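Following: one structure in C-alpha cells, then a few remarks.
Only heavy atoms go into these numbers, but all of them, side chains included; no hydrogens, no water, no symmetry mates. Predicted model, so just to flag it, every value in this text is computed and none were measured.
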Amino acid sequence: MPDHRPIREDLQATLDARRDLGPDYEAALVDSFAERLDATIAARVSAELQRHGPAPHPSKGNPGAAMIPIALGSMGLGIPLTAIASANAGLLGLAITWFAIAVINMAAAGAIMRRG
C-alpha cells in the first residue's frame with residue numbers, strides 16, 4: 001500500500017536527507033523518492049479508473065473505413081512526391097517512391113485488419 005503523505009512532504013524529506021547525508025547518498029535518495037512518486041501516481045490513476053469505470057471498447061464497425069484517411073493521405077502525398085522523384089531521379093526514383101507508398105499502405109491495412 002503506497003504511503004499517502006502528500007508528495008510535497010516526501011520531496012522535502014528527501015531534500016532534507018540529502019542535505020544531512022551528503023552527495024554520497026544522492027542516488028539512493030532519488031531512487032527512493034522516485035519509487036514513492038510512482039506509487040502515488042499509480043494510486044491516483046487506479047482511483048480515477050475505479051471512479052470512472054472501465055473504458056468503453058470501440059465498436060467493431062467497418063474496418064475499411066479506417067483506411068480512408070491513409071488512402072487519401074497517400075494520394076495527396078503521392079502527387080508531389082511523384083513530381084519530385086521523377087524530376088530528380090527519373091523512372092527509378094518514381095518506381096521507388098510508389099513502391100514505398102504501396103508498402104506503407106499494405107502495412108497500415110494489415111495492422112487495421114489485425115486490430116479490427
Side-chain angles (χ1 to χ4, degrees):
M1 184 92 190
D3 192 16
H4 292 300
R5 292 183 300 174
I7 201 69
R8 179 181 282 278
E9 291 177 17
D10 283 345
L11 178 57
Q12 187 61 51
T14 301
L15 293 173
D16 292 342
R18 196 294 186 181
R19 187 181 54 232
D20 294 342
L21 297 173
D24 295 338
Y25 292 94
E26 187 170 308
L29 290 170
V30 168
D31 289 343
S32 174
F33 177 74
E35 288 175 12
R36 290 192 306 262
L37 183 60
D38 285 344
T40 301
I41 291 170
R44 288 179 182 175
V45 168
S46 178
E48 281 295 314
L49 289 174
Q50 288 178 358
R51 191 166 63 107
H52 291 289
H57 293 342
S59 65
K60 298 284 186 189
N62 183 6
M67 278 301 296
I68 292 173
I70 295 170
L72 292 176
S74 293
M75 290 173 60
L77 289 174
I79 293 170
L81 288 176
T82 297
I84 294 168
S86 46
N88 292 321
L91 187 59
L92 180 62
L94 181 67
I96 291 171
T97 299
W98 279 101
F99 178 75
I101 290 172
V103 168
I104 290 169
N105 278 289
M106 287 188 290
I112 289 171
M113 290 172 67
R114 281 190 303 275
R115 184 182 62 194

Legend entry - Any residue meeting side-chain hydrogen bond (donor to acceptor under 3.5 Å, both in side chains) with Asp38, in chain and number order, not counting sequence neighbours: none

Inset, instruction - Could you list the residues that satisfy side-chain hydrogen bond (donor to acceptor under 3.5 Å, both in side chains) with Gln12, not counting sequence neighbours? - result: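 If we apply the side-chain hydrogen bond (donor to acceptor under 3.5 Å, both in side chains) test to Gln12, skipping adjacent residues, the hits are Asp16.
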
For residues 24-32, tabulate all N or O donor-acceptor pairs below 3.5 Å that involve a side-chain atom, not counting sequence neighbours.
residue, atom, partner, partner atom, Å
Glu26, OE1, Arg18, NE, 2.9
Glu26, OE1, Arg18, NH2, 2.9
Ser32, OG, Arg36, NH1, 2.8

Does [X] have any side-chain contact (heavy atoms from CB on, under 4.5 Å) partners at least two apart in sequence or in another chain, and if so, which?
X	value
Ile84	Asn88
Leu49	Val45
Ile96	Leu92

Legend entry - Leu15 vs Leu11 side-chain heavy atoms within contact, under 4.5 Å: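 Of all side-chain heavy-atom pairs linking Leu11 with Leu15, at least one is under 4.5 Å.
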
Legend entry - 4.5 Å side-chain heavy-atom contact, Leu37 and Asp10: no

Legend entry - salt bridge (charged side-chain N to carboxylate O under 4.0 Å, His left out) pairs, two or more places apart, involving residues 41-53: Glu48-Arg51

Looking at [X] and [Y], what are the two nearest heavy atoms and their distance?
X	Y	answer
Ala85	Gly93	CB-O, 3.5 Å
Pro80	Gly76	CD-O, 3.0 Å
Ile101	Gly78	CD1-CA, 3.8 Å

Inset, instruction - Please round to the nearest 0.5 Å and tell me the distance separating atom CG of Leu94 and atom OG of Ser86. - result: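 Leu94 CG to Ser86 OG: 5.5 Å, rounded to 0.5 Å.
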
Legend entry - Whichever hydrophobic residues join Leu72 through chains of side-chain contacts under 4.5 Å: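 Members other than Leu72 - counting any ILVMFWY side chain reachable under 4.5 Å - are Ile68.
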
Legend entry - side chain to side chain donor-acceptor pair (under 3.5 Å): pairs with one or both residues in residues 95-104, sequence neighbours excluded: Thr82-Trp98

Legend entry - Transitive ILVMFWY side-chain link Ile104 to Ile70, under 4.5 Å: no

